[in-house]
Amino acid sequence: PPCINPERETAHRAVSTGCIVGIGFGRAMRYPMRVFAGNVTAGPPAAAHPGRTGLSDRLWPVLVFGLTLVSLLVLTPQFVAELDPPTGDEPFYLQMAQSLINDGDFEMTNNYEQRDYLEFYPKDTSSPDFRGWQPFPLELPPHKSNTLKPGLYEKHGIGLAVLIAPAYQAAGRLGVVVLMGLLGALLAANIFLLAREFSGDLKASLVATLGMAFTSPLLPYSFLIFP
């Protein structure tokens, strides 16, 4: 009707959509740690299924997590070899993690001067075993942000760098990619739990989980270092 304010209606729709997405996300994220504690039941209560102990329901999310993780780990070496060196924003997050580990800060001047990013760049692109990008620039230009504090700081948020720093310190870029696969598998378990809770159908939940976890964008992003 003409009396409706279009801007207000758009805002109401945005808020409603946000509430729906937020409720769904919130209900899904109740589970990540409970999955491993063994006290989560996927789907309707056991009372709704006479004769069932609920043990299988508690195991399904763990199985989904484990199978997804194993699948991602099997594919990880190929992805790391083909996507070498890391591109896009990935090298900046890695170098920020380096700075946090080595310097205890996110001031990047010395990191660029020392070309610390070469640590996760390929050493010999002429080798017949090299399967990555060819050719690629050896210079990594900084993504400088405008700050009041003197120094060179990246425009990227620090959260991901903080998260991946222990994995990078343990096993370099490969360790970080394994961590991203771990998070991808955990997301798959949450997708299954959410689908099972809302549908109550085991097969449909498994199909939905497989359809999302092993297709784009979730599958490739399980190997990429992006927030």
Side-chain angles (χ1 to χ4, degrees), residues 14 18 21-22 25-26 29 32-33 69 72-73 75-188 190 213 216-227:
V21 173
F25 181 77
M29 292 309 292
M33 298 310 298
L69 180 60
L72 294 176
L73 291 178
L75 294 172
T76 292
Q78 179 178 349
F79 271 83
V80 171
E82 298 285 349
L83 304 178
D84 193 24
T87 58
D89 292 339
E90 291 183 287
F92 300 99
Y93 289 112
L94 289 172
Q95 190 168 234
M96 289 169 69
Q98 284 180 322
S99 181
L100 182 61
I101 294 167
N102 298 327
D103 306 328
D105 60 29
F106 292 108
E107 205 287 312
M108 307 299 294
T109 300
N110 65 314
N111 304 96
Y112 280 101
E113 290 177 349
Q114 297 164 181
R115 302 175 77 187
D116 288 347
Y117 53 85
L118 292 180
E119 183 175 284
F120 50 78
Y121 269 34
K123 302 299 185 287
D124 183 12
T125 59
S126 62
S127 169
D129 296 328
F130 178 69
R131 295 183 290 161
W133 307 109
Q134 188 72 271
F136 63 88
L138 288 176
E139 295 294 331
L140 182 68
H143 283 182
K144 184 177 181 180
S145 62
N146 297 319
T147 61
L148 298 176
K149 186 177 181 180
L152 174 57
Y153 295 89
E154 302 284 9
K155 66 180 181 180
H156 306 287
I158 65 173
L160 181 59
V162 172
L163 177 66
I164 67 176
Y168 186 86
Q169 188 171 24
R173 180 197 171 199
L174 179 61
V176 175
V177 176
V178 170
L179 173 63
M180 301 307 290
L182 179 68
L183 296 176
L186 185 59
L187 178 58
N190 275 277
S216 183
L218 295 186
L219 178 61
Y221 270 88
S222 295
F223 303 99
L224 299 177
I225 307 165
F226 290 97

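From a predicted model like this one, the values you see are computed outputs, not experimental measurements. For reference, positions follow the sequence shown, starting with 1.
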Locate the shortest heavy-atom distance separating M180 from L224; write the atom from each residue and the value.
CE-O, 3.4 Å
Verify, without hydrogens or angle tests, whether N102 (side chain) and Q98 (backbone) share a donor-acceptor contact under 3.5 angstrom.
yes
Give the minimum heavy-atom separation between L140 and Y112, together with the two atoms involved.
O-CE2, 3.1 Å
Given side-chain contact (heavy atoms from CB on, under 4.5 Å), test L182 with V178 step by step and report yes or no.
CA-CA 6 Å; L182 179 68; V178 170; 5.7 Å; no
Rounded to the nearest 0.5 Å, what's the gap from CG on L174 to CG on L179? Could you check?
11.5 Å
Do F120 and P85 have side-chain heavy atoms sitting under 4.5 Å apart?
no
When the ring planes of F92 and H143 are compared, do they come out parallel, tilted or perpendicular, using 30° and 60° as the limits?
parallel
Tell me whether Y221 at atom OH has more than 12 heavy atoms from other residues, nucleotides or ligands lying less than 6.0 Å away.
no
Could you tell me whether a side-chain N or O of D124 sits under 3.5 Å from a main-chain N or O of S126, the two making a donor and an acceptor?
yes
Point-to-point distance, once rounded to the nearest 0.5 Å, from CD1 of I101 to OH of Y168
7.0 Å
dist D116:CG -> N110:CG (nearest 0.5 Å) comes out at 6.5 Å
Taking atom CG of N111 and atom OH of Y117, what is their separation to the nearest 0.5 Å?
11.0 Å
Flag side-chain contact, heavy atom, 4.5 Å: L183 against L163:
yes
W133 and T87: CA distance, side-chain angles, deciding distance, side-chain contact (heavy atoms from CB on, under 4.5 Å) verdict
CA-CA 9 Å; W133 307 109; T87 58; 3.4 Å; yes
Testing the basics here: between L152 and K144, what is the closest heavy-atom pair and its distance to 0.1 Å?
CD1-CG, 3.4 Å
Return yes if some donor-acceptor pair links the side-chain N/O of E154 with the main-chain N/O of M108 below 3.5 Å, else return no.
no
Residue pair I225, I164: steps toward the side-chain contact (heavy atoms from CB on, under 4.5 Å) verdict
CA-CA 9 Å; I225 307 165; I164 67 176; 4.0 Å; yes
The reported gap from CD in E107 to NZ in K149 (rounded to nearest 0.5 angstrom) is 8.5 Å
Determine the minimum heavy-atom distance between L160 and P227, stating which atoms define it.
CD2-N, 3.5 Å
Has the side chain of S99 got a donor or acceptor atom that lies under 3.5 Å from a matching backbone atom of Q95?
no
Salt-bridge contact R115-E139 (side-chain N to carboxylate O under 4.0 Å)
yes
Heavy atoms of G151 and T147 approach each other most closely as O-OG1, 4.4 Å
Does Y153 offer a backbone N or O that forms a donor-acceptor pair with the side chain of S145 under 3.5 Å?
yes
Report yes if some heavy atom in the side chain of F79 is under 4.5 Å from a heavy atom in the side chain of V177; otherwise report no.
no
Might you point out which heavy atoms bring T125 and F130 nearest each other, and give the distance in Å?
O-CD2, 3.6 Å
Pairwise distance OG(S127) to CZ(R131) - rounded to 0.5 angstrom
11.0 Å
